[in-house]
Amino acid sequence: MPIGWYLVVSALIFCIGAAGVLTRPNPLVILLCLELMLNAANLALVAFSRMWGNQAGQIFALVVMVVAACEVTVGLGLIVAIYRRHLAINVDELNELRG
Amino acid sequence: MSTTTFGWLILLFPLLGCVVVALGFRVERGISAGVIGSAAIALSFAASVGALISILGRADSSRELTSSLWNYASTVGVDAKLSILVDPLSIFMALIVSGVSTLIHIYSIAYMKSDRGYVRFFSYLNFFVFSMLLLVMAGNFLLLIVGWAFVGAASYLLISFWYRRTTATRAGLKAFVINVVGDVGLVLGTFFIFRHTGTLDFLKTFHAVPHVFGHNATDLVAGCLLLLVGAAAKSAQVPLHTWLPDAMEGPTPVSALIHAATMVTAGVYLIARMHPLFEVATTAADVGAIMGCATLLIAATIAIVQTDLKRVIAYSTMSQIGYMVMGVSVGAYSAGLFHLMTHAFFKALLFMAAGSLISAMGGEQSLDRMRGFRRAMPFTFICFVVGGLALSGLPPFSGWLSKDDIIAYLDHRGGGFEILGILGYVGALMTGIYTFRMIFRAFFGEPCEEARDLAQGHLYHPESGFNPGTGELEDADVGFPGPEHHIAERDLAMKVPMAVLGVLAVVGGVLQIPGVDAGINRFLEPSFAGSRLAQLDPSTSSAWIGLIIGGLIGLAGIGIAYRIWIVAPGTSARLQTRFGALQTFFYNKWYFDELIDFAVVRPSQWLGGFTESVLERGVIAGGVTGGTLGVVRAFSATVRRLQTGFLRYYAAAMLIGVFGMALYFLISA
Amino acid sequence: MSAVLFFIASIGALAGAIGVVMVRNPFYSVLSLVGHLICLAALFLLLRAEFAAAAQVVVYAGAVMVLYVFVVAYIGGQDEPLSQVGGALKVVGPLFALALAVELCIALLGTGLKGISGKGAPYVLGFGTPKEIGRLFLTSYLFPFEVASLLLLVAAIGAVVLARRRRGLPEDEEDEPQAPIIRPQYTGTMAEAAGVRPGFGTDPAASEPQRAATPATTSEGGW
Amino acid sequence: MSLSVLIWLPLVIALIGAVLPPRIGPRAVFVGSLITLGVAISFVARFTSGQAGLQFVTDKVWISALGIHYKLGLDGLNVALVLLTTVIFSAALLWASLREWDRSRNFFFQFGLAQSAVLGAFCSQDLALFVAFFDLMLIPFYFLSGMWGTGPDRVRATTKLVVYTLIGSFLMLVAAIATGALASSEHHTPITFVISSLRGLPLSHTSQDWIFLCFAAAFVVKMPLVPFHGWLPDGYKAMPIPAVAVFSAILSKVAAYGFLRIVLPVFPYASAHFQTLMLVIALLSVLWATLVAMTTPDARLVVAYSSVAQLGFITLGIFSLQPQGAQGALLQMLNHALVTAPLFFIVAALARRSGGSEKLIDMGGVAFRAPVLASLFLIVTLATLAIPGSANFAGEFLILLGLFKAKLAMAVIASVGVVGAAVYALRLFIGALHNRVGPGVRTADDISLRDTVVLVPVLLVILVLAFYPQFGLSRSEKSVQSAIAPARAQQTQPATATAQVAATP
Amino acid sequence: MTPLLAAVGHIKAPHIDWASFSPLLALSVGALVVLMVGLLRPAVIRAAVVPALSVVTLGTSLGLQIWRFSHPASIISGALRIDGLALTLDMIFTVAALASVVISLRDAAPESAGHGEYHSLLLFSVLGMAVLVSAQDLITLFLGFELLSIPLYVMCASEWRREGSLESGLKYLVIGSVGSATLVYGLALVYGATGSTGFAGITHALSTGKIAGGLIGDPMMLTGLALVLVGFAFKASVAPFHQWTPDVYEGAPTPVTAFMATATKAAAFGILLRFFDVAVFDLRDTWAPALATVAAITIVVGNVGALGQSSLKRLLGYSSVAQAGYMLSGVVVATRLGVNATVLYLGVYLFMNVAAFAVIAGAQRERADGDDLAGLAGLGGRRPWLAWPMTIAMLALTGIPGTVGFIGKFQLIHALVDGNYTWLGIVLVIGSMISLGYYLRVIAAMWMSPESAASIPGRGRLAPIAGGSPEADATGVSEPPAAAAASPDATRSGPGIEITLVAVVFGAASVFFGIFPSPLFNLAAHAGRALGLH
């Protein structure tokens, strides 16, 4: 398959993730959507890596996986902390800071 | 001492007097301030005499002397030095000013004795004399303007001397503002001339004018017309005359000083001083002559119907100044200045007499209330009659010789100027009428209550002071001549100056009698040496014919007055009903006040209000400042409203940004 | 063959992604993501990224997702309530995403790079194998490799700081007294200005007892 | 002694004053201001008249990366203004030191900072340095007005003041930087901000135009001229008396000075190009401010608006682009400062007598009990309305003469302002002292000693200057001519060009 | 075992220039040491030794930075470039972190997060910044980016007792992750377009053009650039990607905000400079107008947004948005002067903001509403040593002469005029005009309004609460909390000498370098030379 197809898929995944961030109020799901966006980037990186015959893209993709894991860890930690504080697990109710 | 040293001394003494009197206000008791002030002016007069003697000792050709102390504001092509010009004209004026002022000062020593602003009064009075002397001694335009404006300021101070009267402060303000208009005219006129001559110095200007200006050159005419504005404002010529009658709010010596000897003659002096200019700018000179003529007639018509004693005299002053302005405008310099001198004598006399009379009336100035003071105040009466006769131009009084000198010159000059001469005679007739209307109403007939009291040795005391102008209760705190009256009959200090002036009013004319002598003419000759018009002297015979006609007309005027107010006392009332509209018109001073009010004062007040309330508050504070603030605030509110605190909105904003940014880059790709 | 595999895998990946977004229950979202990740791994394989694919399955779909499941289980994987705010975003959000997708596709396909329509560079032996990747990580990309390890450490510290159990607390009744920002009335907090949600202590009478009670509660808790 | 001593002395003194006990600190600051005055006098005494160049030059590199020099110097344009600044500050500090102030050490520190900044602005011969001092001098007034000002709205008013004036200043900052940057790029020289160097590096016409407008914005807001005076009424009302006296007397002059020092020499083309615009604005200010001063009910605002009108005259003189006009403007800067500061002190004295109210309607009738106050006020009033014989008149005369030579019609219209000045000045004088005793008047005692010691010396200066306005003119003649020469050359260039065209065939 | 060793054997490890690497190494070693020491039991070690060790670490790093200052080098296979720009910015991060450590000495945040964890996170963040601004490679760049961000997410939420802190942490995390995702997608596209992850390779690809017609107008490259720009812009709080800034600044613990405001900004601009002014310099004609527009929008939005705020931290958050706009204009011109100006402004910004945040922290110790404008009322009379630095900071942020802010703006405008972006200079000063509206309000609150009557005791030094910090857990029953609450210096303590010291030092520096700016200019010039622009 031409590389372009992979890229289209990656773009679609990126945008689905973006749409999820916009539409879902649950921070857990938002984190999942962020994973989607990062994975889209991974797919693109791997595709480009294949296109150029250059493994830097794969290295980059692995690094992105690490980063994704880190973000998830911290994000989940925050969600747990919020839960422990008996606050709503809903980003729409966390808006004391505004204006 | 050199002539110019005398010139400086003339200026120094009044200034010193002013400062000394003012600084010593806490220690001067009794009449000491008056004495110091009078002495200062007397010294100034002495210096004037010294200057006269000194200059007479010089050859005719070297009688124009300048002297400067230091650079006043000399820079980048402007030669403004602190310099005086001593020549026959300035010495002549200085003599009159300091002489008459000395007498007025002495008069004031007694007249103002009970006033609580005594010290202030003499300080102001000295300042006034200083200013006037500065005006006549000035050797360049800048200093002339300085003197010019100082006179205005001093007159303001003196007019609103009783400053708790709103009428007084208002009159002072009016006088000052109109004078400033004159100053501005003078300044702008100076600019027009300076633009071409490049100098402010009088003598240099006079020498340059014939070379740089053609006959009736536009700039010169404009300049001279603006100088005329200055002259009109100071000399109360139509249409800038309205301040003069109101200026009667000041104490009577002030009226005498301003309206007789000093301030109002400044315009005449100016035109005479500037004759080299006016002779080139003949159009401007003609305008001046017409203005003078108009003033003399208008003022005379108003004087006939006024009932306020001092205002009648004030209008008569305007009228007489009209003669002088007319005279010096057409070229009758020595005649005009001669009239200036005699007028100073008899008008000062008239005011002093009037002051005495008003004192006797307890401050009342209305002719309607006065009657029959002839017996109660014989000295005042005599003075008043002498002054009146001189004013009316009856032979052999001084006014007769001087006024008819002007008219004779007009007739002699021809070229349409005869018309002005004839109008001058009409004015002379009216002069006779209004002067003796005053005398007959105040001194003749059944004595009024106050006159009767006075004849019996008592003095009338008004119950409480009311401002005759507004009727509001006087604020007695600041003092007025008050309950203690000062009338000439009782105060030597008042009697002496009046007597001196009376004598001068009678004999002052001897200085210049056609065919007999021409003292003024000859003395002033160096100042007018280059003048073509000054050489144009009427022959002795024609002068005499004019004098005789003038004398007869004056007599006729007195006769008419006698007919109306003595022989048939009801005549004036009949005339009033018959010419009701005219009388109202004259009585309301030709509605000049209203006209100015309508054309200048109200619009500027409205404009001021408009600027303050609409432009300032609305446009600047509301529109510019508030508008900008409003826009910024609205913007701020929008930004803060977008900051909802909802995470997903932030993410949305970010993705919109991503979209927009990517779109831009795509489009530019 | 590869085309068929590509289509199967990519449809699976897209479906998984859509599932993550659309499913209401977070638990199913996680499962959907696992599916998505596995399909993605297949795509990686098609692109000859063997090591990446393996890591994707083992580390990502395996370890990380387990963490997710634990957290979902911990906080309760209930259906989320219908949100009262952001209604507009529900409609506009996907539209935006669509527009962005179109834009990205234009960008990706509009490029002048020839490689985009090819099947990629000629295959070199060992491309994408663990050995090659490992070699790169120890040579050219040594520094990123080390930094990535630090990053993981940081994430671990972060998780500890945020989610560590506070000793002595009953699990479900943990009610930490917060240090409230008690603002006097009309101090102009934005919450107050907006009038939507009066913050703490806008009513001094209400906040007073609360303040007084705070130390008492802490001492009685016997922690 | 270098000019740095003069500039920084006030700040040093203020800092010393700030560490002294509150009882003697203020007095020490006042005495220190007298020392500064003495230093200024020594500079004026050593100043050589009759040459255009700078004297007492201090030139050090400040920021070499930007070519900014710490260059100070005196010439005819600023020598008198420097002296004036020290005089007015001494007067204001004397006035202030005789009264009690809350947090007094801070108060006097702000004054010292202000004086240093103003002196720095006057002395600096580097564009960037000038801009720095120009902006800096505003800040102490923010504190003075906000902390010790009058009225409930003072903070808002003073914020408005600062925002307004800094708006202009910031635009000027851009313009100043652009001047240096463009001059270096257009002439391929290393960047410099030294004014004398910039004069030799004229910018292109388009650059000059917008740069001129930015500078003009800064200066007309600071002066202020209509319609950029929105901050003025509230700002002046809010400031404490010594601050407003200094602000009106000195700070507005820095702006006018800026035109002569920077704008005309460095942007000659634009100065000639925008001459009419500037004249119209100035004329508008004269008339507008005069009208408002004639109507406003507040004594302090009468003085405030009279300042606007006077600064309008000064601007008219400068932008007549005639040596007479510029000379007159320079003289008028001195005069106006010397007049307006005592006027504010007098207004304060009058307000004290009328129970704190500054409304004219509450005043009146105190002249009789307060003859000395009345006399002093009279002198100031007459000087304010520029009565001929005062130095103010000499200035106005020269200004109008210059304007007359440049634009005849405008001179005629401007002279209406002279008449208006008489009206508002006398309105203030009469309303405050004459007529019946005002309803608000509590005491009518004569001027107190602490007012006298402030007013009398200043009045003596006014009187001396009235007899010898030449003092303000002779030193500046050459410098003024050199300052306006480039702009004049621009103006006459078209004429000479056509003359040459006519002459060639 | 053997094959593995054999495999390792034939891998040639890259040469590492330890000297040049030492500043970074010091940071990472220090961070680990601090983490370990923080696990020790005695309370005094945690509360005193840990911060001291942090200071030592930072100080060492700072010393090493100064040592390496004139020795630019590319190290570790060209992953990093330790040059003038990197080291100058490293100094900014280090100084900001030092200030933050001092401010947080007795703050609630390290106590609730645990001192060791808190400080090591801080140090890791500094390390991330240092990596980011030295990065020569997209992968390193991304890792640096994340290494700086993730500790900050945690630190924002570290005061987990406060709802606001958690909220700010979550917001920062989610928006930050969206930013990261965008960035990484953009980096992927850039990599795809150029086939290289190294900056040198990218530049080379752009200049030679591996495809016909070159990459200058290639949509993929440009879209990638757009996404990268968004990622950086987010970090630098550039509008419209700024919305997290005020919320996070307000919610985060004040020492963290202080660090974030100054250091993060510097890091973001460092990489903006490296990436845009070096790596993709050839596309300048495309990105410069976009960046200029964004800068203008940022300036306006930041300044108007700050206008009606009552929370000081929020106000400074908006202000930092506006300042980001100012600094971005230095990037836009892409000249050496522009780089100089941006770096100079970053340094200047450090002084001003640290002073301001230190004062806020001090005020918060004193009063619970210390972050509020109303809480500052009467500070001038009450605490002149806090009020003066704050005043100076505000004046400096406005750009008043005599302060560093003036110098910074001067140089920025100079760069703009020089780079033919005069209109942006005008926008910059218009923004400064608007900014007067809120900076002056702060000054007015301190000096010109009386102290508000309702004074609320500050948080002071919080009594240890069980679960709140390790030592409370460890000792079981430490001191009774009630007693701690009762002791007056605990509830209503002063701002603390260390905070006052920080405020005064940085306030004084704001003035000193405003009058004698040459050292800053030299540093900035050094940084500018490093990029080799004209």
Side-chain angles (χ1 to χ4, degrees), chain A residues 1-9 11-20 22-26 28-29 32-33 35-36 39 42-43 46-47 49-53 55 58-59 61-63 65-67 69-70 72-74 76-81 83-86 89-90 92 96 98-99, chain C residues 2-3 6 10 13-14 17-18 20-21 26 29 33 40 43-44 47-49 52 55 59-60 64 67 71-72 75 80 83 85-86 89-90 93-94 97 100-101 104-105 108-109 115-121 124 128 132-133 136 141 144 148 151-152 155 158-159 162-163 174-176 190-191:
Chain A
M1 288 305 294
I3 300 297
W5 288 85
Y6 292 91
L7 295 178
V8 170
V9 171
L12 289 177
I13 295 172
F14 185 82
C15 294
I16 290 167
L22 296 191
T23 48
R24 300 298 298 265
N26 188 332
L28 264 171
V29 182
L32 292 176
C33 295
E35 297 292 307
L36 283 180
N39 276 317
N42 271 355
L43 181 55
V46 173
S49 161
R50 175 83 187 88
M51 181 174 109
W52 291 106
Q55 294 174 84
Q58 293 189 22
I59 302 279
L62 288 166
V63 165
M65 275 181 218
V66 171
V67 167
C70 293
V72 164
T73 317
V74 172
L76 290 176
L78 253 173
I79 289 167
V80 169
Y83 177 75
R84 290 245 179 93
R85 285 276 294 106
H86 284 231
I89 307 293
N90 183 338
D92 290 347
E96 192 195 314
R98 63 166 170 237
Chain C
S2 71
F6 168 78
S10 56
L14 286 173
I18 290 172
V20 170
V21 177
S29 288
L33 185 67
L40 217 52
L43 286 176
F44 285 0
L47 288 166
R48 300 199 179 274
V59 179
Y60 220 143
V64 174
L67 187 64
V71 171
V72 171
I75 66 175
E80 66 192 38
S83 183
V85 292
L89 272 183
K90 278 240 170 351
L100 192 61
L104 285 178
C105 288
L108 291 168
L109 300 178
I116 207 91
S117 48
K119 291 191 172 168
V124 181
E132 280 298 300
I133 299 294
L136 281 176
Y141 297 97
L151 194 60
L152 285 168
L162 291 170
E174 181 178 357
D175 193 5
E176 302 282 347
M190 287 323 297

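Treat the numbers as computed from the prediction; the structure is a model and nothing was measured. Residue numbers begin at 1 in each chain, while the letters A, B, ... track the order of the sequences.
- If you measure heavy-atom distances from A/Ala61 to chain C, you find no contacts under 4.5 Å at all.
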Test side chain to side chain contact (heavy atoms under 4.5 Å, CB included) applied to C/Leu100 and A/Phe14, step by step: CA-CA 9 Å; C/Leu100 192 61; A/Phe14 185 82; 4.2 Å; yes
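- The line from CD1 of C/Ile75 to CD1 of A/Ile79 is 6.0 Å long, rounded to the nearest 0.5 Å.
- Within the 4.5 angstrom heavy-atom criterion, atoms from both the backbone and the side chain of C/Val20 approach chain A.
- With a threshold of 4.5 angstrom between heavy atoms, C/Ile18 approaches chain A through its backbone and through its side chain.
- A 4.5 Å side-chain heavy-atom check between A/Ile16 and C/Leu14 finds at least one atom pair inside the cut-off.
- Counting heavy-atom pairs closer than 4.5 Å to chain C, the top-ranked of the candidates A/Val8, A/Val67, A/Leu62 is A/Leu62.
- Among the candidates A/Gly53, A/Ala19, A/Gly17, A/Cys33, the residue making the largest number of heavy-atom pairs closer than 4.5 Å to chain C is A/Gly53.
- Taking OH of A/Tyr6 as the reference point, atom CG of C/Leu47 lies at 4.5 Å (rounded to 0.5 Å).
- Only the side chain of C/Leu33 comes within less than 4.5 Å of a heavy atom in chain A; its backbone stays farther off.
- Heavy-atom distances place the side chain of C/Leu109, and not its backbone, under 4.5 Å from chain A.
- The shortest distance between side-chain heavy atoms of A/Gln55 and C/Ile133 falls below 4.5 Å.
- Heavy-atom pairs under 4.5 Å with chain A were tallied for C/Ala13, C/Ala55, C/Ser2, C/Gly118; the largest tally goes to C/Gly118.
- The CG atom of C/Leu136 lies 4.5 Å from the CD1 atom of A/Ile59; values are rounded to the nearest 0.5 Å.
- Residues A/Val63 and C/Leu151 form no side-chain contact, since every pair of their non-hydrogen atoms from C-beta on lies 4.5 Å or further apart.
- A donor-acceptor pair under 3.5 Å is formed between the side chain of C/Lys90 and the backbone N or O of A/Thr23.
- Scanning all heavy atoms of the two residues, the minimum distance from A/Met65 to C/Ala52 falls at CE-O, 3.6 Å.
- For the pair A/Leu36 and C/Val21, the minimum side-chain heavy-atom distance is below 4.5 Å.
- The closest donor-acceptor contact from the side chain of A/Arg84 to the backbone of C/Ala163 lies under 3.5 Å.
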Working for side chain to side chain contact (heavy atoms under 4.5 Å, CB included), residues C/Phe44 and A/Leu43: CA-CA 7 Å; C/Phe44 285 0; A/Leu43 181 55; 3.9 Å; yes
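- Annotation for A/Leu32 and C/Pro26: closest pair CD1-O, 4.5 Å, computed over non-hydrogen atoms.
- Counting heavy-atom pairs closer than 4.5 Å to chain A, the top residue among C/Ala17, C/Ala148, C/Ala3, C/Cys105 is C/Ala17.
- With values rounded to the nearest 0.5 angstrom, A/Gln58 atom CD is found 10.0 Å from C/Glu132 atom CD.
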Derivation of the side chain to side chain contact (heavy atoms under 4.5 Å, CB included) call for A/Val46 and C/Leu43: CA-CA 9 Å; A/Val46 173; C/Leu43 286 176; over 6 Å; no
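- By number of non-hydrogen pairs under 4.5 angstrom with chain C, the leading residue of A/Thr73, A/Leu76, A/Leu78 is A/Leu76.
- Put simply, of C/Gly158, C/Gly128, C/Gly93, C/Pro144, the one with the most heavy-atom pairs under 4.5 Å next to chain A is C/Gly128.
- Between C/Phe6 and A/Val9 there is a side-chain heavy-atom pair separated by less than 4.5 Å.
- Your options are A/Gly4, A/Cys15, A/Gly20, A/Ala81, and the one with the most heavy-atom pairs under 4.5 Å with chain C is A/Cys15.
- Distance check: C/Ser29 OG to A/Glu35 CD gives 12.5 Å after rounding to the nearest 0.5 Å.
- Interface check for chain A: of the options C/Val64, C/Val59, C/Val124, C/Leu108, the most heavy-atom pairs under 4.5 Å are formed by C/Leu108.
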